[in-house]
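A quick note: this is a predicted structure, and the numbers were derived from the prediction, not measured.
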Amino acid sequence: MKLLSVAAVALLAAQAAGASIKHRLNGFTILEHPDPAKRDLLQDIVTWDDKSLFINGERIMIFSGEVHPFRLPVPSLWLDIFHKIRALGFNCVSFYIDWALLEGKPGDYRAEGIFALEPFFDAAKEAGVYLIARPGSYINAEVSGGGFPGWLQRVNGTLRSSDEPFLSATDNYIANAAAAVAKAQITNGGPVILYQPENEYSGGCCGVKYPDGDYMQYVMDQARKADIVVPFISNDASPSGHNVPGSGAGAVDIYGHDSYPLGFDCANPSVWPEGKLPDNFRTLHLEQSPSTPYSLLEFQAGAFDPWGGPGFEKCYALVNHEFSRVFYRNDLSFGVSTLNLYMIFGGTNWGNLGHPGGYTSYDYGSPITETRNVTREKYSDIKLLSNFVKVSPSYLTATPRNLTTGVYTDTSDLAVTPLIGDRPGSFFVVRHTDYSSQESTSYKLKLPTSAGNLTIPQLDDTLSLNGRDSKIHVVDYNVSGTNIIYSTAEVFTWKKFNDNKVLVLYGGPKEHHELAIASKSNVTIIEGPDSGIVSTRKGSSVLIGWDVSSTRRIVQVGDLRVFLLDRNSAYNYWVPELPTEGTSPGFSTSKTTASSIIVKAGYLLRGAHLDGSDLHLTADFNATTPIEVIGAPTSAKNLFVNGEKASHTVDKNGIWSSEVKYVAPEIKLPDLKDLDWKYLDTLPEIKSSYDDSAWVFADLPKTKNTHRPLDTPTSLYSSDYGFHTGYLIYRGHFVANGKESEFFIRTQGGSAFGSSVWLNETYLGSWTGADYAMDGNSTYKLSQLESGKNYVITVVIDNLGLDENWTVGEETMKNPRGILNYKLSGQDASAITWKLTGNLGGEDYQDKVRGPLNEGGLYAERQGFHQPQPPSESWESGSPLEGLSKPGIGFYTAQFDLDLPKGWDVPLYFNFGNNTQAARAQLYVNGYQYGKFTGNVGPQTSFPVPEGILNYRGTNYVALSLWALESDGAKLGSFELSYNTPVLTGYGDVESPEQPKYEQRKGAY
């Protein structure tokens, strides 16, 4: 066990090595070392043994969920997400940092406003949530370039390797990002407890040295130089055991790995293929890293969905509550003590930040939806499991044993993995041997207990396990001194209150369960009917058999009250910590001094606190909701809900009861078709009068991209010229000789991209896009050209993001965007002189608030007309519902006011008519690009936009670009603003981030 802070020998050794005592925090000596190479001696607040982490000396299970702050660009909503994660019973969040958003220009690191990390750290601390930092430089994460900025395409070195040009390119970013993380470490009173120095460093090819310990060591040294002192942890995707502790250069402190067992086949959500439930993780762990706690740094909680996919509701169906019941309990059977679910909240690929394998939504089928709702059953099911582990400390010291069939049950149709405690407290994880079975199986248990080897149920009946379900049966389970000899029903939580103890059990529909308690007391039913309950004494224990019912029953045995619930009812219960007077409900670096209460409160209970004799609950409601408080402190006399005093009654069992009335507010939304829409042609480049003198010449005779040689006389790769995001536009000038009969072009913009080509103002045709194609070949017939006349070929390409770079050596991030090849019959290729543009300024991007990826190369974007208050008064009237009668790109803008009631969280959506025409649209809301719609590829037609981007009580500016890729033009079938169920919330006000309005841009062309 690595416990340097309480080991005098280690302390003396550290001091002898040159460390100085900085200060003492909560009894732990905090050291700082002048030599970064030796700073790994000083990880003394977060320590570990082979079972689990210790934080400030307290053994702890890390239940974590992945959240990417950059996918919700409203910092005032980050605390809302943390509340919902803490309410799950989780104590941690893992997060990526996206390099591409912070260093759009080499050497110019910007982490301000919506990109600042400090508000995220502050929100975590306020909510009482630890953090696992994962800054990259490479993050994958389904973001453009896997987090690599586009200018890395010009680096003459293999990405994610020891090549000096690549390492040097990362130095500035890591020095800044890691320094920001360092200030938020637990050693500085912050929430960061672990640091991941690389991401899924798990595959190599193509002659590149892999794995490269020297590379990993460099990455780790970068972090140490930036004052990172918390432990390093890995997330091997294989898992292959790379960089495990003790393996030499590049070895991390704690080995962890990822797992996505059901994959990403959202089109077949009911199919659980054979052999996908892991059963060897414990064995691998003992082979690879037995001295560190078993850690799953990314375990599947959803799935990504590609262009043309079935949609995220199908992804949720693939990994729904049934998945969580089977797979997460299976994880516990391996003794996992650090479990991070990817994603717990997905968010949105706004502003071109996504990779080309996915569309605007990044809902991911997560427990918390893209609109921050917690209505998915998986959210509630996970809450039951995490709260159980939270009150089961013996789980962390129990030893997992081998998977068995026919040993602990009377049927081989079920498999059982035991976790045997060194002292009382064992757990038996039961599932179907065929994990995908949808059969209901009857069984009896054969368990070793302190009362002997027992066949359970002991009373006349059998147990049952429904299809795609799993259970954790507890044996010799300690409830504050009372021994639960066994329970076949699952434990939600237990608490010790002033005059009694409360244990909450639950079961599935139509199940029978049995409970044995070591007690000399008799059983008394103190609430609910006695039908379906039998009890008897057996030796020094009492047995209780019960049939699961939607009606709650409470039985009393001595000073123990047992709540018997059905699972759906248990979903409505919450276990908020109740800080003692004078302490903060938020994050603390010391051991928790908070007690807890149990509250039945429906949709969401954010938290509770005691103020004198006033008990305050902060909660959200989506329906009229009865509230019950179990274990209210004796000093509490009054109940307040969201700051308002609520009347309550107290029953004979001391349970407080109240009710919150829900009356849905009247929500008035504007009809978007009736807005005063203004129209602007945003493809003036095809007109003969257009002047491209300010454009960049595409005249590099050699590309700086080492991945793909040129097939053209000069480079037409956009990143060679600093354009990495959004629409790209090329203009090729040539003088005709009259022999030209056709034009061939190969364009590349990533999966589902599109492109269109004009010769002067004559439309030649389009590559309309397909979900499977990242590039496309097109050949266009030409009418007779006039010899000696000047012509211009205009090419528009939709760049849907840069590819990720998962396998070291493949260099897929360097797949270029733009024109890969072209041929003009009757002319040499060199006869065409090319210019190109993308977002105005390229790497010297204009909008520092919304970041380097938000804008593309359309004329309206370059001018800044997508921002609030564009100079549209003189533009002609025109609606996207009328659209274009011929190929081209139109730009539409309008404004509308919202006046939504305060105290309500109302999810709003922009909905596009579902048609299959080859049309592409970009949606801008108050200057933030919040939607890329592709009519012929799909699947997304509904685009949620959060409060903060939308001004819920004020004026909003909406803009649309509409690109018609077919000869008959395009229009939107419909365009509407809608809302989902309003949630009465105790969260408070949402502040909008900066929304810079239009200002004339110097040098705009």
### Message
When you compare the side chain of L332 with that of F427, does any pair of heavy atoms fall below 4.5 Å?
### Response
no
### Query
Is there side-chain contact between L53 and I254, with at least one heavy-atom pair below 4.5 Å?
yes
### Summary
F323 meets the ring pair (Phe, Tyr, Trp, His ring centres under 6.0 Å) criterion, sequence neighbours left out, with F327, Y328
### Query
Is there side-chain contact between D253 and I233, with heavy atoms separated by less than 4.5 Å?
no
### Query
Going from CD1 on I132 to CD on Q196, what distance comes out if it is rounded to the nearest 0.5 angstrom?
8.5 Å
Show me the donor-acceptor pairs within less than 3.5 Å that the side chains of residues 268-281 make with the rest of the protein, sequence neighbours left out.
unit_1: N268; atom_1: ND2; unit_2: D265; atom_2: OD1; d: 3.2
unit_1: N268; atom_1: ND2; unit_2: D265; atom_2: OD2; d: 3.0

### Task
Mind jotting down which residue pairs meet the salt bridge (Lys or Arg N to Asp or Glu O under 4.0 Å) criterion with at least one end in residues 534-550? Sequence neighbours excluded, please.
none
### Message
What I'd like to find out is whether the side chain of N340 reaches to under 4.5 Å of the side chain of E66, using heavy atoms alone.
### Response
yes
### Partners meeting ring pair (Phe, Tyr, Trp, His ring centres under 6.0 Å) with Y255 (sequence neighbours left out)
none
### Query
Is any side-chain N of the basic residue among R376 and D363 closer than 4.0 Å to the acidic one's carboxylate O?
yes
### Task
Only one of L505, L515, V474, L463 passes side chain to side chain contact (heavy atoms under 4.5 Å, CB included) with T488; say which it is.
L463
### Task
Fit a plane to each ring of Y573 and F492, take the angle between them on a 0 to 90° scale, and name the class: parallel (under 30°), tilted (30 to 60°) or perpendicular (over 60°).
perpendicular
### Task
Check side chain to side chain donor-acceptor pair (under 3.5 Å) between S52 and all other residues, then give those that pass, not counting sequence neighbours.
R59
### All disulfide bond (SG atoms under 2.5 Å apart) counterparts of C315, not counting sequence neighbours
C266
### Query
Would you say R282 and N402 make side-chain contact, with heavy atoms under 4.5 Å?
no
### Task
Tell me, please, which residues at least two apart from Y294 pass ring pair (Phe, Tyr, Trp, His ring centres under 6.0 Å).
H257, H285
### Message
Go through it in stages, so that I can follow the logic: the residues are Y571 and Y379, the test is ring-ring contact (aromatic ring centres under 6.0 Å, His included), and I'd like the CA-CA distance, side-chain angles, deciding distance and then a yes or no.
### Response
CA-CA 9 Å; Y571 288 161; Y379 177 91; 9.9 Å; no
### Message
Taking salt bridge (Lys or Arg N to Asp or Glu O under 4.0 Å) as the cut-off, I'd like each qualifying pair that reaches into residues 448-474, sequence neighbours left out, listed once.
### Response
D469-K471, D469-R567, K471-E511
### Closest non-hydrogen atom pair between Q300 and L262, with its separation
OE1-N, 3.0 Å
### Message
I need the minimum non-hydrogen distance between N235 and S202, along with the two atoms involved.
### Response
O-OG, 4.4 Å
### Task
Could you pull out all residues at least two apart from S412 that satisfy side chain to side chain contact (heavy atoms under 4.5 Å, CB included)?
none
### Task
Please examine the side chains of V557 and I544, heavy atoms only from C-beta on, and report whether any two atoms are closer than 4.5 Å.
yes
### Message
Working to the nearest 0.5 angstrom, can you tell me the gap between T493 OG1 and F388 CZ?
### Response
10.5 Å
### Query
What residues, two or more places apart in sequence or in another chain, satisfy ring pair (Phe, Tyr, Trp, His ring centres under 6.0 Å) together with F63?
F90
## Note on the structure
Closest non-hydrogen contact found for E577 with S596 is CA-OG, 3.8 Å
### Query
With sequence neighbours left out, which residue pairs that include part of residues 475-490 fulfil the salt bridge (Lys or Arg N to Asp or Glu O under 4.0 Å) condition?
R329-E490
#### Entry: Heavy-atom check, side chain of F54 versus side chain of D49, under 4.5 Å
yes
#### Entry: Candidates I554, V555, T524, L503 - the one meeting side chain to side chain contact (heavy atoms under 4.5 Å, CB included) with R561
I554
### Message
Tell me the closest heavy-atom pair linking S259 and L296, and the distance in Å.
### Response
CB-CD2, 4.3 Å
### Task
Supply the atom-to-atom distance K383 NZ to N572 CG, rounded to the nearest 0.5 angstrom.
7.0 Å
### Task
Determine whether the side chains of T441 and D413 contain a donor N or O and an acceptor N or O closer than 3.5 Å.
no
### Query
Tell me, which pairs form a salt bridge (Lys or Arg N to Asp or Glu O under 4.0 Å) where one or both residues lie in residues 438-457, sequence neighbours left out?
none
### Minimum heavy-atom distance Q288-P239, with the two atoms named
NE2-O, 3.6 Å
### Task
Grab the two heavy atoms, one from S94 and one from R134, that are nearest each other, plus how far apart they are.
OG-NE, 3.1 Å
### Message
If we ignore hydrogens and angles and just use 3.5 Å, is the side chain of Y316 paired with the main-chain N or O of T369 as donor and acceptor?
### Response
no
